Amino acid sequence: MTSTPNLASSLSAGHRERLMRVAREVSFDTGTRLFEEGRHADRFWIVRTGTVVLDLHVPGRRAAVIESLGHGELVGWSWHFPPYLWQLGAEAVSPVRAHEFGAEAVRALCARDAEFGRAIADWVGRVVAHRLHASRVRLLDLYAPYGSGSTL
């Protein structure tokens, strides 16, 4: 499986610069929950340093870790799609420094500039596709009977 599409490889320099104008620097201590599945998604982050894990609530079991994210990777895509509810949970597993973006501000930038909006939508869409694949593989690893992951 390929790595998550990161900011540097996904957006042109001009689009990255435009996005970064609405960023603010934040930090999270180890163990901080960034968001919980099913809650309102009103922001997202790009990791500068540290590691964030994405997890999925599994009834009757401990949350399943789906993927670990690091430098340059997008944390959170649910802000981009109505009804703007987190599809996964996220937790800092080491001290994290990140750029934080308000969802409304970025959606407004996308609405004002169609080319920028398409670039953001393409980036976020590729991240969603990657995470869907990662979720499927991880859940098969955890819960499927031996051999269930093979193709016919």
Side-chain angles (χ1 to χ4, degrees), residues 1-59 62-142:
M1 177 170 42
T2 62
S3 62
T4 303
N6 66 29
L7 180 67
S9 67
S10 299
L11 297 178
S12 69
H15 289 150
R16 284 193 311 269
E17 181 181 314
R18 185 148 192 217
L19 180 63
M20 294 309 292
R21 286 186 208 141
V22 297
R24 72 183 193 104
E25 292 187 21
V26 296
S27 60
F28 302 102
D29 293 329
T30 301
T32 301
R33 293 292 294 177
L34 280 68
F35 52 85
E36 296 289 342
E37 188 176 340
R39 303 256 172 100
H40 181 66
D42 63 351
R43 68 196 69 215
F44 64 96
W45 301 265
I46 297 170
V47 177
R48 293 176 59 215
T49 62
T51 304
V52 174
V53 295
L54 299 175
D55 55 35
L56 178 66
H57 175 73
V58 180
R62 186 175 357 157
V65 171
I66 299 300
E67 191 169 13
S68 295
L69 306 176
H71 176 75
E73 292 186 296
L74 174 67
V75 179
W77 54 262
S78 300
W79 62 274
H80 193 63
F81 303 103
Y84 310 120
L85 297 175
W86 295 117
Q87 298 300 308
L88 300 168
E91 183 172 319
V93 295
S94 70
V96 171
R97 290 177 32 219
H99 294 291
E100 182 178 87
F101 302 84
E104 286 186 26
V106 176
R107 287 194 304 260
L109 286 174
C110 291
R112 285 195 298 273
D113 179 342
E115 184 181 333
F116 177 79
R118 278 191 303 275
I120 294 293
D122 181 65
W123 172 43
V124 173
R126 286 186 293 122
V127 168
V128 171
H130 174 85
R131 302 259 163 86
L132 178 61
H133 179 75
S135 297
R136 181 181 143 296
V137 168
R138 182 66 176 133
L139 292 174
L140 283 172
D141 286 346
L142 290 173

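Just so we're clear, the structure is a prediction, and the values are computed from it rather than from any experiment.
No donor-acceptor distance shorter than 3.5 angstrom exists from the side chain of Glu67 to the backbone of Val65, with no hydrogens or angles considered. Remark: the backbone N or O of His40 is paired with a side-chain donor or acceptor of Trp86 at under 3.5 angstrom. Not one N or O on the side chain of Thr32 forms a donor-acceptor pair closer than 3.5 Å with the backbone of Ala92. Judged purely by atom type and a 3.5 angstrom limit, Ser94 uses its side chain to pair as donor or acceptor with the backbone of Thr51.
The distance from atom CZ of Arg18 to atom CZ of Arg112, rounded to the nearest 0.5 Å, is 6.5 Å. Interatomic distance, Arg16 CZ to Leu11 CG, rounded to the nearest 0.5 Å: 7.0 Å. In this structure, CG in Leu54 is found 8.0 Å from CD1 in Ile66, a value given to the nearest 0.5 Å. Expressed to the nearest 0.5 Å, how far NE2 of His15 lies from CD1 of Ile120 amounts to 8.0 Å. Atom-to-atom distance recorded for Glu37:CD and Leu85:CG is 10.5 Å, nearest 0.5 angstrom. In this structure, CG in Leu69 is found 11.5 Å from CD1 in Ile46, a value given to the nearest 0.5 Å.
Residues Arg43 and Phe35 fail the side-chain proximity criterion, which asks for heavy atoms closer than 4.5 Å. Proximity of Trp79 to Arg107: side-chain heavy atoms (C-beta onward) are separated by under 4.5 Å at one or more points. By the 4.5 Å heavy-atom criterion applied to side chains, Phe116 and Cys110 are counted as neighbours. At a threshold of 4.5 Å between non-hydrogen side-chain atoms, the residues Phe28 and Val52 do not count as touching.
Applying the salt bridge (charged side-chain N to carboxylate O under 4.0 Å, His left out) rule to Glu36 yields the partners Arg33; only residues at least two apart in sequence or on another chain are considered. Annotation: salt bridge (charged side-chain N to carboxylate O under 4.0 Å, His left out) contacts of Asp42 (sequence neighbours excluded): none.
Using bins of under 30°, 30° to 60° and over 60° for the plane-to-plane angle, the ring pair Phe44/Phe101 lands in the parallel bin.
For Val75 against Ala90, the heavy-atom pair with the smallest separation is CG1-CB, 4.3 Å. Heavy atoms only, all atoms of each residue included: Ala41 and Ala103 are closest at O-CB, 4.5 Å. Here the shortest heavy-atom pairing between Gly76 and Arg131 reads N-NH1, 4.4 Å.
The stretch residues 20-30 participates, sequence neighbours left out, in these side-chain hydrogen bond (donor to acceptor under 3.5 Å, both in side chains) pairs: Glu17-Arg21, Arg24-Glu100, Glu25-Arg48.
A salt bridge links Asp122 with Arg126: at least one charged nitrogen is closer than 4.0 Å to a carboxylate oxygen.
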